[in-house]
Amino acid sequence: QVQLVESGGGLVQTGGSLRLSCAASGIIFSWSVMGWYRQAPGKQRELVAHITGGGSANYADFVKDRFTISRDNAKNTVYLLMNTLKPEDTAVYYCTLQGRLTRLAPFYNYWGQGTQVTVSS
């Protein structure tokens with residue numbers, strides 16, 4: 001089974017920065033998209049950013065050029081550099097990977113357990 005290990009979350013002050021990492025391990029044949037979602041208390045889970053293996057990235061409007069997603073295909077790892085953090089960025093951030101375990105298997109969405117990001121005002 002594919003496992004996603006997230007790191008880099010924590011507590012920062014308004015205007016600070018954090019760099020999240022998500023490393024995929026286990027049996028993986030190929031993946032098409034890796035990305036980040038977040039969910040604040042009492043809110044719906046929302047897309048933050050995602051990136052394809054070819055480097056095509058997409059961002060939510062609320063990022064406003066503050067966040068940068070990148071990936072290392074050789075390590076099956078995706079990063080999210082978050083700058084100029086705001087209190088409204090406080091949420092649990094979830095890593096996701098869309099991939100397949102074999103060439104004949106269908107694509108499946110895998111999820112990490114989430115990492116807490118807290119921005120103090």
Side-chain angles (χ1 to χ4, degrees):
Q1 181 67 270
V2 173
Q3 292 184 333
L4 303 177
V5 181
E6 299 149 323
S7 62
L11 173 64
V12 298
Q13 293 182 323
T14 298
S17 299
L18 285 174
R19 182 173 180 264
L20 305 183
S21 299
C22 174
S25 62
I27 303 300
I28 183 69
F29 177 76
S30 64
W31 61 271
S32 60
V33 177
M34 292 186 71
W36 296 91
Y37 286 72
R38 72 184 188 185
Q39 187 169 23
K43 304 293 184 180
Q44 298 287 337
R45 187 174 298 188
E46 60 184 352
L47 173 69
V48 178
H50 64 78
I51 189 168
T52 69
S56 179
N58 189 47
Y59 299 92
D61 290 338
F62 58 76
V63 172
K64 297 183 178 180
D65 297 320
R66 297 180 297 126
F67 296 1
T68 302
I69 189 170
S70 60
R71 83 284 179 274
D72 186 333
N73 290 342
K75 298 180 179 179
N76 291 328
T77 300
V78 65
Y79 307 93
L80 184 68
L81 176 61
M82 304 183 294
N83 293 321
T84 319
L85 284 163
K86 306 174 181 179
E88 51 262 43
D89 294 319
T90 296
V92 177
Y93 284 70
Y94 296 91
C95 177
T96 186
L97 177 151
Q98 183 184 80
R100 54 182 177 177
L101 303 184
T102 70
R103 188 174 67 86
L104 300 180
F107 282 93
Y108 184 83
N109 292 327
Y110 299 89
W111 292 88
Q113 295 299 308
T115 184
Q116 178 70 49
V117 172
T118 303
V119 184
S120 62
S121 60

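- With rounding to the nearest 0.5 angstrom, the CZ atom of Arg71 is 14.5 Å from the SG atom of Cys22.
- Listed by chain and residue number, nothing satisfies the ring pair (Phe, Tyr, Trp, His ring centres under 6.0 Å) test with Tyr59 (two or more places apart in sequence, or in another chain).
- Ala91 and Ala40 make their closest contact through CB-N, 3.8 Å (heavy atoms, listed as atom of the first residue, atom of the second, distance).
- Looking at heavy atoms from C-beta onward, Thr96 lies out of side-chain contact with His50 at the 4.5 angstrom threshold.
- Side chain of Thr52 to main chain of Val33: no donor-acceptor pair is present (N/O by atom type, distance under 3.5 Å, no hydrogens or angles).
- Taking the side chain as every heavy atom from C-beta outward, Ser30 and Arg100 approach each other to under 4.5 Å.
- Between Ser21 and Trp36, the shortest heavy-atom contact is O-CH2, 3.7 Å.
- Between Glu88 and Phe62, every side-chain heavy-atom pair lies at or beyond the 4.5 Å cut-off.
- In this structure, CH2 in Trp111 is found 11.0 Å from CD in Gln98, a value given to the nearest 0.5 Å.
- Residues Tyr79 and Val117 do not share a hydrophobic cluster, defined by chaining ILVMFWY side chains whose heavy atoms lie under 4.5 Å apart.
- Under a 3.5 Å cut-off, the side chain of Gln39 and the backbone N or O of Val92 do not form any donor-acceptor pair.
- Under the 4.5 Å side-chain criterion, counting only non-hydrogen atoms from C-beta, Val12 is not in contact with Met82.
- How far CG of Leu81 is from CD1 of Ile69: 11.0 Å, rounded to the nearest 0.5 Å.
- Between the side chain of Thr84 and the backbone N or O of Gly15 there is no donor-acceptor pair closer than 3.5 Å.
- Within a 6.0 Å radius of CG in Asp65, other residues, nucleotides and ligands contribute 12 heavy atoms or fewer.
- Heavy-atom neighbours of Glu46 CD from other residues, nucleotides or ligands within 6.0 Å: above the threshold of 12.
- Checking side-chain atoms of Thr90 against main-chain N and O of Val119 turns up a donor-acceptor pair under 3.5 Å.
- The closest side-chain heavy-atom distance from Leu18 to Phe67 is not below 4.5 Å.
- Residue Tyr37 is not grouped with residue Tyr110 when hydrophobic side chains (ILVMFWY) are merged at heavy-atom distances under 4.5 angstrom, including chains of intermediate members.
- Of all non-hydrogen atoms in Trp31 and Asn73, the two that sit nearest each other are CZ2-OD1, 3.1 Å.
- Between Glu6 and Gln113, the closest heavy-atom pair is OE1-N, 3.4 Å.
- Among all heavy-atom pairs drawn from Leu47 and Ala60, the shortest one is O-CB, 3.2 Å.
- Hydrophobic clustering keeps Leu4 apart from Tyr94 (ILVMFWY residues linked when any side-chain heavy atoms are closer than 4.5 Å, directly or through intermediates).
- A donor-acceptor pair under 3.5 Å is absent between the side-chain atoms of Asn76 and the main chain of Ala24, judged by distance alone.
- In this structure a side-chain-to-backbone donor-acceptor pair under 3.5 Å is missing from Arg19 to Gly8.
- Shortest non-hydrogen contact noted between Cys95 and Met34 is SG-CE, 4.3 Å.
- For the pair Val2 and Tyr108, the minimum side-chain heavy-atom distance is 4.5 Å or more.
- Of the inter-residue distances, the one linking Thr115 atom OG1 with Leu80 atom CG reads 11.0 Å to the nearest 0.5 angstrom.
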